[in-house]
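A short write-up of the structure that comes next.
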Amino acid sequence: MTSLAAELSAVVSAAFAAEGLSAKFGQVQASDRPDLAQFQCNGALAAAKEAKANPRQIAQKVADRLKAGPLFAKVEIAGPGFINLDVTDAALAERAGAMSADDRLGAPETGRGKTLVIDFGGPNVAKPMHVGHLRSAIIGDCLQRLFRANAWTVVSDVHLGDWGLQMGQLISEIGRRGTAPVYFDAACKGPYPDESPVTMDDLEEIYPAAAAACKADPARLEEARRATAELQAGRPGYLALWRHFVKVSERGLNREYSSLGVTFDLWNGEASVDPLIAPMIEDLKRRGLAVESEGALVIEVAEPGDKKEMPPLLLLKSDGAVLYGTTDLATIVDRVKHYDPELILYVVDQRQHGHFEQVFRAARKTQLSGKAILEHAGFGTMNGADGKPFKTRAGGVMKLYDLIAMTTDEAQKRLAEAGIAGDYPEEERNDIARKVGIAALKFADLSNYRLTDYIFDLARFTRFEGKTGPYLQYAAVRTQSILRKAEDEGFAAAAPVVRSPEERALVLQLLGLPGAMEAAEDKRAPNILCEYAFELAQSFSRFYAEHHILSEQDADLRAARLGLCRLTVDTLAKVLGILGIEIPQRM
RNA sequence: GACCCCGUAGCUCAACCGGAUAGAGCACUUGCCUUCUAAGCAAGGGGUUGCGUGUUCGAGUCACGCCGGGGUCGCCA
């Protein structure tokens, strides 16, 4: 199935071609002026520019050819040469029927036969997740769902930060405290205890203390560096301690991602590619691509024509330890070997753009990335109302766990106020509150364009009216409710028809699904889907307010409207599913 | 200093390849629950798109220059 806009583009393109003009001018899009037409084509203006001709004349010739077809209810030329198009109600209803009959609802298949590796999350061992981690988790999860929906084979990887200097900082801090001496006893050959000497709470306290100490005292930093190098060199006690850190952290992280409904196919860490590093470096040295510079081993990535200085990618520090560019490069080697992807997407803070530029250049130069296109889908920073990173009143960074709890609490309050769920079982009430809270959170984040910095506003994340996640859920819930009642009454559904302005608008919106999914994939932009879903819910709510469905006496019309409800709820469910938003049975 | 991102309504954000009258939500004003859930629907006010110049039939969008905010710039991640 193709989208209606794509179908119209093909028809209009053929008309341009028949006039001896390039078919590329036949692009049709939803109209910017819905009051004037459903669709528009601006190609006559561009064609006129190229051919140095009169745009209205070109538009007229194309329009004359279009008028001959049965598809259009209206073909008009407006302004300097826009071609405005309305499709017949019969054609709209027919497309809606076809969409209902397709279990993919006409979703694009841009990824058929292609593999995507998507890297997001990127939490660090021993550091609790705070609101800053929200964006990578939510945007990354949405993109993996979107690519899957568009028929890509998707492999997602949390890419745990478990192999850098911070590990050395933790180890040296614990060594100084003397709370787990067995791991530091060089004479001890193991085995080491199964029980972790630290809990997640311990780590959350130890890491900031260690980081602060290293910042204040160069000697401490040097000590942490040495510990990092020894860990990476395989010192048994350090490795055993490190395994505890990772295990303890993974449990905590998993809990937080689960509460957001975010999942990963792989829980690989930077450390998992460590065995690949030595051979990779040997290979790069042999090929003359890794060279020594200022005591470190680097890959030069500057290219002629660079506007800015492009420092080399550091593979090995002068003390022999690896850096995150090194593990990133080795991770590419690993992913190419295992999955041979068409695309590797990194959903990481935009501030790391420069780093990825270096890594990608190095990967291409060394041909380690195979056929894969490497792309950084960055996102903007989340700030507080004062333009600085969001803090709690106590001054600490707000933890993700607490944020989720707050949105859920607000949803509980809302349910109590509305008095709707008073008679529901407590379990269901909790479930609704959780789904509504998460929906508010995710939609508020995803509806912003990926790259803009945005202001974290707790009130916004706990808002349930207007352009919010709960509004979308509410539209779906009301539709489900109608369908349930219709079933109780024994009313059957039939293919949709278009007999009113509200139905026309709703069907047009429904038919826009494939286009929205394709555009969102192209731009890696969840906000396009948010916009689509919101407009769909709005179109439905208008239809709902205007036409009473179950009391409709005309049985055929009632059946057609039930069919329209069915398609609406299926479409909403599909888009909300991609956004990672669950729909309660009732709310 | 160089480079990257951003600047749109009181607030938070949109605007697909340069298109017509720059759109939503919140907040504000006013209607609508004795037939499907009012977390809703309908209507209204609110804009020199930071400033300037240029390209174009046409600029929030492209180019250049300012102003303002954020970020990055070899051994942190």
Side-chain angles (χ1 to χ4, degrees), chain A residues 24 27 29-33 35-36 40 42 45-46 48-49 55 78-82 84 122 124 161 163-166 169 211 214 221 225 270 293-298 306-319 321 323-325 327 349-355 357-358 378 380-381 383 387 411 414-415 417-418 420 436 444 447-449 451-455 457 459-460 463-468 470-471 473-475 477-479 481-486 515-516 519 522-523 525 527-528 530-531 534-535 538 541-542 544-552 565 586-587:
Chain A
K24 73 181 177 193
Q27 271 308 312
Q29 57 186 294
S31 178
D32 294 331
R33 295 284 306 274
D35 53 319
L36 298 181
Q40 65 183 41
N42 303 339
L45 295 162
K49 193 171 206 167
F82 300 106
N84 283 338
N124 289 312
W163 206 230
L165 176 67
Q166 52 191 334
Q169 290 176 317
C214 288
L221 184 59
R225 283 198 175 126
E270 296 173 298
S293 164
E294 298 175 30
L297 191 69
V298 306
D306 279 346
K307 279 197 200 161
K308 59 175 171 180
E309 264 183 83
M310 184 59 71
L313 182 76
L314 271 76
L315 293 172
L316 294 178
K317 296 197 285 190
S318 17
D319 67 3
L323 287 148
Y324 82 134
T327 54
D349 195 307
Q350 181 65 12
R351 285 175 290 189
Q352 293 195 32
H353 193 72
H355 164 71
E357 182 66 32
Q358 284 179 288
T381 313
N383 295 319
R414 184 51 187 263
L415 278 174
E417 277 167 25
I420 290 175
V436 168
S447 57
N448 284 351
Y449 178 63
L451 279 170
T452 47
D453 292 348
Y454 83 94
I455 295 180
D457 178 8
R460 185 171 170 228
R463 192 173 285 154
F464 305 127
E465 288 98 25
K467 192 172 183 176
T468 64
Y471 173 80
Q473 292 175 310
Y474 185 65
V477 162
R478 289 198 294 181
T479 322
S481 173
I482 293 174
L483 292 169
R484 265 199 305 270
K485 287 186 172 155
D522 273 357
K523 304 220 136 145
N527 67 306
I528 292 176
C530 291
E531 192 66 27
F534 176 67
E535 284 172 7
Q538 252 185 343
S541 295
R542 285 174 187 147
Y544 177 92
E546 194 63 31
H547 304 286
H548 202 275
I549 293 156
L550 294 175
S551 64
E552 174 57 52
C565 287
R586 47 186 184 172
M587 62 187 279

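First the proteins, then the strands, lettered A, B, ... as listed; each starts at 1.
Within 4.0 Å of A:Asn84, counting heavy atoms only, lies at least one base atom of the nucleic acid. In this structure, A:Leu550 reaches the bases: a heavy-atom distance under 4.0 Å links it to at least one base atom across the strands shown. Among the protein residues, A:Arg225 comes within range of the sugar-phosphate backbone only, with heavy atoms under 4.0 Å from sugar or phosphate atoms but none that close to a base. Among the protein residues, A:Gln40 comes within range of the nucleic acid bases, having at least one heavy atom under 4.0 Å from a base atom. In this structure, A:Leu415 reaches the bases: a heavy-atom distance under 4.0 Å links it to at least one base atom across the strands shown. Nucleic acid contact for A:Gly354: none, since no nucleic acid atom lies under 4.0 Å from a heavy atom of the residue. Among the atoms of the strands shown, none is found under 4.0 Å from any heavy atom of A:Leu316. Residue-level contact check: A:Leu451 touches the backbone only, with heavy atoms under 4.0 Å from sugar-phosphate atoms and none from bases.
Between A:Tyr449 and the phosphate of B:U61, there is no side-chain N or O to OP1/OP2 separation shorter than 4.0 Å. Of the side-chain N and O atoms in A:Asn42, none sit less than 4.0 angstrom from OP1 or OP2 of B:A20. Note on A:Thr452: a side-chain N or O is less than 4.0 Å away from OP1 or OP2 of B:A14. Note on A:Ser541: every side-chain N or O is 4.0 Å or more away from OP1 and OP2 of B:G40. The side chain of A:Tyr324 places no N or O atom within less than 4.0 Å of a non-bridging phosphate oxygen (OP1 or OP2) of B:A77. Side-chain N/O atoms of A:Lys523 include one lying less than 4.0 angstrom from OP1 or OP2 on B:C17.
At distances below 3.5 Å, not a single donor-acceptor pair connects side-chain atoms of A:Ser293 with backbone N or O atoms of A:Ala296. Using modelled atom types, one side-chain atom of A:Thr479 and one backbone atom of A:Ala475 make a donor-acceptor pair closer than 3.5 Å.
Taking 90° from 0 as the syn/anti boundary, the base of B:C41 is oriented anti. Syn is the conformation of B:C33, whose glycosidic angle sits no further than 90° from 0.
Rounded to whole Å, atom C1' of B:U37 lies 7 Å from atom CZ of A:Arg478. Separating the CG atom of A:Asn448 from the P atom of B:C11 is a distance of 16 Å, rounded to the nearest angstrom. The CG atom of A:Asn527 sits 10 Å away from the C1' atom of B:A15 (whole-angstrom rounding). One can place CD of A:Gln358 at 9 Å from P of B:C73, the figure rounded to the nearest angstrom. Regarding A:Gln352, its CD atom lies at a distance of 14 Å from the C1' atom of B:C73, rounded to whole Å.
Spacing between B:G65 and B:A2 at atom P, rounded to whole Å, works out to 10 Å. Annotation: B:C28 and B:A9 have their C1' atoms spaced 13 Å apart (nearest Å). Taking atom C1' in both B:A63 and B:U55, the straight-line distance is 7 Å, to the nearest Å. Nucleotides B:G25 and B:C67, compared at atom C1', are 30 Å apart to the nearest Å. On the C1' atoms, B:U61 is 11 Å away from B:C17, given to the nearest whole Å. Rounded to the nearest Å, the gap between the P atom of B:A77 and that of B:A24 is 48 Å. The separation of B:G44 from B:A22, taken at their P atoms, amounts to 16 Å, rounded to a whole angstrom. Between B:U56 and B:U12, the distance separating the two C1' atoms is 34 Å to the nearest Å.
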Using Watson-Crick and G-U wobble pairs whose two distances are both under 3.5 Å, how do you write the pairing of RNA chain B as dot-bracket, with | for links to another strand? (((((((..((((.....[...)))).(((((.......))))).....(((((..]....))))))))))))....

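With distances taken from any side-chain atom of A:Ala545 to the nucleotides B:C41, B:G74, B:U37, the minimum falls on B:C41. For A:Asp32, the side-chain atoms get nearest to B:G19 when compared with the rest of B:C13, B:A77, B:G19.
The heavy-atom pair separating A:Thr381 from A:Asp453 by the smallest distance is N-OD1, 2.8 Å. Heavy-atom minimum distance, A:Ser551 versus A:His548: OG-ND1, 2.6 Å.
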At under 4.0 Å between heavy atoms, how does the protein contact nucleotides 22-34 of chain B? Give one character per nucleotide, 5' to 3', with B, S or -. --SSS--------

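Between A:Ala46 and A:Ser447, it is A:Ser447 whose nearest contact on RNA chain B lies nearer the 5' terminus. Projected onto RNA chain B by closest heavy-atom contact, A:Gly325 and A:Gln350 fall at different nucleotides, the more 5' of which corresponds to A:Gln350.
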